[in-house]
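Read through the structure below, which is laid out as C-alpha cells, and then see the notes.
Computed from a predicted model, the values in this text were never measured in an experiment. Chain letters run A, B, ... following the sequence lines, proteins first, then strands; residues in each count from 1.
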Protein chains: 2
Amino acid sequence: MRRGRIGRIARHARVKQPQPGQLRFRFHASNQTGSAYGHALTQVKISAAEAALIQQVPCGACLIRHRAVCAACEADDLHELELAKYYRRFEPGQMVAHAGERMDFVGSVVSGVAGLTQTLEDGRTQMVGMLLPSDFLGRPGRDSSPYDVTALSDLLLCCFRRRPFEELLRSRPRVSARLLEMTLDDLDAARDWLLLLGRKSARERIASFLAVLVRRAAMLGQATGAGPIVIDLPLTREAIADYLGLTLETVSRQISALRREGVIVLEGTRRVIVPDFRRLVTESGDDADGGLPG
Amino acid sequence: MRRGRIGRIARHARVKQPQPGQLRFRFHASNQTGSAYGHALTQVKISAAEAALIQQVPCGACLIRHRAVCAACEADDLHELELAKYYRRFEPGQMVAHAGERMDFVGSVVSGVAGLTQTLEDGRTQMVGMLLPSDFLGRPGRDSSPYDVTALSDLLLCCFRRRPFEELLRSRPRVSARLLEMTLDDLDAARDWLLLLGRKSARERIASFLAVLVRRAAMLGQATGAGPIVIDLPLTREAIADYLGLTLETVSRQISALRREGVIVLEGTRRVIVPDFRRLVTESGDDADGGLPG
DNA sequence: CGGGCTCTTGATGGCAGTCAACTCAGGTGG
DNA sequence: CCACCTGAGTTGACTGCCATCAAGAGCCCG
C-alpha cells in the first residue's frame with residue numbers, strides 16, 4: 001500500500017457532510033447567485049420565501065454561454081433551454097452525487113469547483129476530475145455516476161434532467177457534436193494527468209497543477225495578460241493532494257519549497273501569485289510554452 | 001525526478017524502428033489465431049505488388065463489426081464504408097504517428113495492440129492509452145495527434161481519411177452517437193487509470209493490468225468462461241512499465257512475486273495463466289467483481 | 001479563551017527507482 | 001557446430017523520494 005492515508009478518513013468524511021445550519025455564513029460570504037434547487041438540497045435554514053427569490057440568469061447573459069455545451073445552441077434554441085434548465089447550488093464539501101447511485105441529471109458548472117473522486121476500499125482516494133466553470137457533468141445514456149461528485153467550493157450548476165437532455169442531443173446534432181468535442185478535450189486532459197501521476201515528481205506535480213489553474217483562469221478571462229498572475233486556490237491542501245496523488249504533507253512541503261525559491265508568492269494560504277509564468281512551467285517538467293505568453 | 005529511466009532511451013528508440021525484414025521469426029512464433037487477420041498481419045517483407053493485394057475483409061464479416069465505431073452503421077451504410085476504408089499494417093515497434101505531426105486519418109484497431117505515449121523532455125515516458133481490437137484511433141476535428149502512436153505488436157488498422165470520416169459523422173447521427181459513447185468509455189477507462197497511477201502499489205498495478213487484459217479478452221470472446229484463463233501479454237516488460245508508471249525491473253519483480261505466490265502461472269515469459277480470477281482481482285485492490293464470474 | 005480546522009514542519013521508515021550483473025533464447029557468421 | 005551478439009527478462013544491492021507519524025502554528029468562530 002502506498003500513498004493516500006487511512007488514518008484521516010474519519011476526518012475527511014466529516015468534512016464531506018457538514019453539519020446543518022453551520023455553514024450559513026459561508027454562503028453569504030462567497031455566494032453570488034442563488035437557486036431554488038440549491039435550497040432543496042442544501043437545506044440550511046433558508047426560508048421558502050428566500051428560496052423562491054433565487055434567480056436564474058438568462059442564457060443570453062450567462063457567463064459560460066460561449067464555453068459550455070450550450071455554446072452550440074442557436075439563439076432560437078436558447079429559449080427552449082431556458083425553460084428546461086434549473087440551477088442547483090452546493091456548499092463546500094457537499095456531495096453532488098454518490099458513486100453508483102442514481103443520477104438523473106446532467107449539467108454545467110456555472111461557478112465554483114466540483115471534484116470527481118474514486119475511493120478504494122481501504123480509504124485511499126484519488127480525484128479523477130476537477131470541474132471548473134463551463135465544464136460538463138454527467139453522462140448521457142447512463143443513469144448513475146461511477147464516481148463520487150463533491151463540491152469543492154461553493155458550486156452552482158446549471159442542470160437538465162437527463163432524459164430531455166438526451167432528446168436534445170438527438171434533435172440537435174450541433175449540441176451533440178459540441179459534447180463530443182468537449183469529451184475529447186476531457187480525454188486529452190485526463191491523459192495529460194496520466195503523465196503527471198505516472199512520471200512526475202511531487203514538485204513537478206504542484207507546479208503543473210498551478211499552471212493548469214493559471215491557464216484556466218486565463219481562458220475564463222480572469223487573467224491579467226502580462227505581469228504577475230494572481231490565482232486563488234479553490235481547494236484545500238488535502239483536495240490538492242487527492243488530485244495529485246500525494247499526501248497533504250507533501251503538498252504543503254512542496255508549496256513551501258516553491259515559495260522559498262521565489263517561484264511563487266503566497267498571500268495567506270490560498271492566494272498564489274506567480275511572478276514568472278515561464279519559470280513555473282519550467283518547474284512543471286513540461287516542454288515549455290503551453291500558451292499564455294506571460 | 002522520479003520513475004522512468006533515461007539510461008535506456010537509446011535502446012528503446014532502437015526497438016521502435018526495427019530493421020526491415022528482421023522480425024520474421026518472432027511473427028510466426030507468437031501468432032496463434034489463424035484468422036485471415038492473423039495471416040495478413042504476419043507478413044513481413046511484402047513487395048509493393050503484394051501490398052496491393054492485402055485483402056480487405058468485407059465489413060459484414062469483420063470481427064470487430066459489432067464493437068467498433070462502425071457498429072452504429074446500418075447494413076445499407078456498410079457498402080459506403082466498404083468503399084472508403086483501407087487497411088494499414090504495422091510491425092511491432094513501428095510508429096503509426098508522431099506527436100505533433102500531421103495525422104490525416106482515423107481508424108479502428110482490427111487486430112493487435114497500439115500504444116499512445118507521452119514523453120517528457122528528459123526521456124521519461126508514460127503510455128496514456130492502450131488500443132485493443134475495436135478501439136478507435138484518432139480525433140475528428142484535429143489534424144495532428146498530441147501523442148506518439150506505436151504498434152506494440154503486429155497491428156492491423158481499418159482506416160478512413162479524416163475528412164470523409166468527419167463528413168460521415170455529420171451525415172450519420174448514429175455513428176456520431178456511437179463515437180461519443182466510445183469516447184465516454186475511454187474517458188472512464190482513463191479515470192480508472194488515474195486511480196491506478198495515483199494510489200496503487202506496484203503489485204496492485206500489475207494485478208489490475210492483468211485483470212484488464214483478462215476482461216478485454218473475455219469481451220472479444222476469447223475467454224473460457226470458467227476455469228483457468230490464459231492470456232498472452234502483447235507487451236514487453238518495458239511497455240508494461242510505461243503503461244503502469246513503473247520501471248521494468250519493478251514490473252519483473254512483481255510478476256515474479258505473483259508467480260511465486262501462485263496468483264498467476266507463467267508459461268514462458270509472455271503467457272500468463274490465471275487459475276483464480278477472483279484472487280487476481282483481490283490483489284488488484286479494486287472492490288471485487290468487475291464482471292467475468294470466472 | 002478554547003475548540004475545530006487548515007496548514008506547516010520535523011523525524012523516521014518503506015517502497016520503488018537506480019545501477020549492475022546475470023540468464024536465456026534466437027539469430028548470425030565463421 | 002560453436003562462438004558471439006543482441007535484446008528480453010530476472011535478480012540483487014543500495015539509494016532516495018515521499019508516505020507516515022507526530023507536534024505545533026495560525027485562524028475562525030462560538
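The salt bridge (Lys or Arg N to Asp or Glu O under 4.0 Å) contacts involving residues 253-267 of chain A comprise A:Arg203-A:Glu261, A:Glu267-A:Arg271, where partners must be two or more places apart or lie in separate chains.
Smallest separation of non-hydrogen atoms from B:Ile264 and B:Ile255: CD1-O, 3.9 Å.
Atom CG in A:Leu266 sits about 14 Å away from atom C1' in D:dG26, given to the nearest Å. One can place CZ of B:Arg199 at 10 Å from C1' of D:dA19, the figure rounded to the nearest angstrom. One can place CZ of A:Arg237 at 10 Å from P of C:dT9, the figure rounded to the nearest angstrom. Spacing between atom CZ of A:Arg124 and atom C1' of C:dC15 amounts to 13 Å, rounded to whole angstrom units. In this structure, CG of A:Leu244 is placed 10 Å from P of D:dA19, rounded to the nearest angstrom. Computed from coordinates, the B:Arg259 CZ to D:dG9 C1' distance equals 11 Å when rounded to whole Å. With rounding to whole Å, B:Ile255 atom CD1 is found 10 Å from D:dG9 atom C1'. C:dT6 atom P lies 15 Å from atom CG of A:Leu233, rounded to whole Å.
Here the nucleotide nearest the side chain of A:Leu246, chosen from D:dT10, C:dA16, D:dA19, is D:dA19. For B:Arg270, the listed nucleotide lying nearest its side chain is D:dG9; candidates were D:dG9, C:dG17, C:dA16.
One finds a side-chain N or O of A:Thr250 lying less than 4.0 angstrom from the OP1 or OP2 phosphate oxygen of D:dA19. A close approach under 4.0 Å does occur between a side-chain nitrogen or oxygen of A:Ser256 and OP1 or OP2 of C:dT9. OP1 or OP2 of D:dC18 has not a single side-chain nitrogen or oxygen of A:Arg203 nearer than 4.0 Å.
Salt bridge annotation for B:Asp192-B:Lys200: absent, with no cationic side-chain nitrogen under 4.0 angstrom from a carboxylate oxygen. With respect to B:Asp122 and A:Arg199, no salt bridge is recorded, no charged nitrogen being found less than 4.0 Å from a carboxylate O. Remark: A:Glu204 engages B:Arg124 in a salt bridge, criterion side-chain N to carboxylate O under 4.0 Å. Between A:Arg237 and A:Asp242 there is no salt bridge, since none of the side-chain N atoms of the basic residue sits less than 4.0 Å from a carboxylate O of the acidic one.
Residue contacts shown for B:Thr269 are limited to sugar-phosphate atoms, with no base heavy atom under 4.0 Å away.
Of the possible donor and acceptor atoms, none in the side chain of B:Asp154 sits under 3.5 Å from a partner among the backbone N and O of B:Glu91.
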Identify all pairs in which a protein N or O lies below 3.5 Å from an N or O of nucleotides 12-15 of chain D, and state each distance.
from, atom 1, to, atom 2, distance (Å)
D:dG12, N7, B:Arg253, NH1, 2.8
D:dG12, O6, B:Arg253, NH2, 3.2

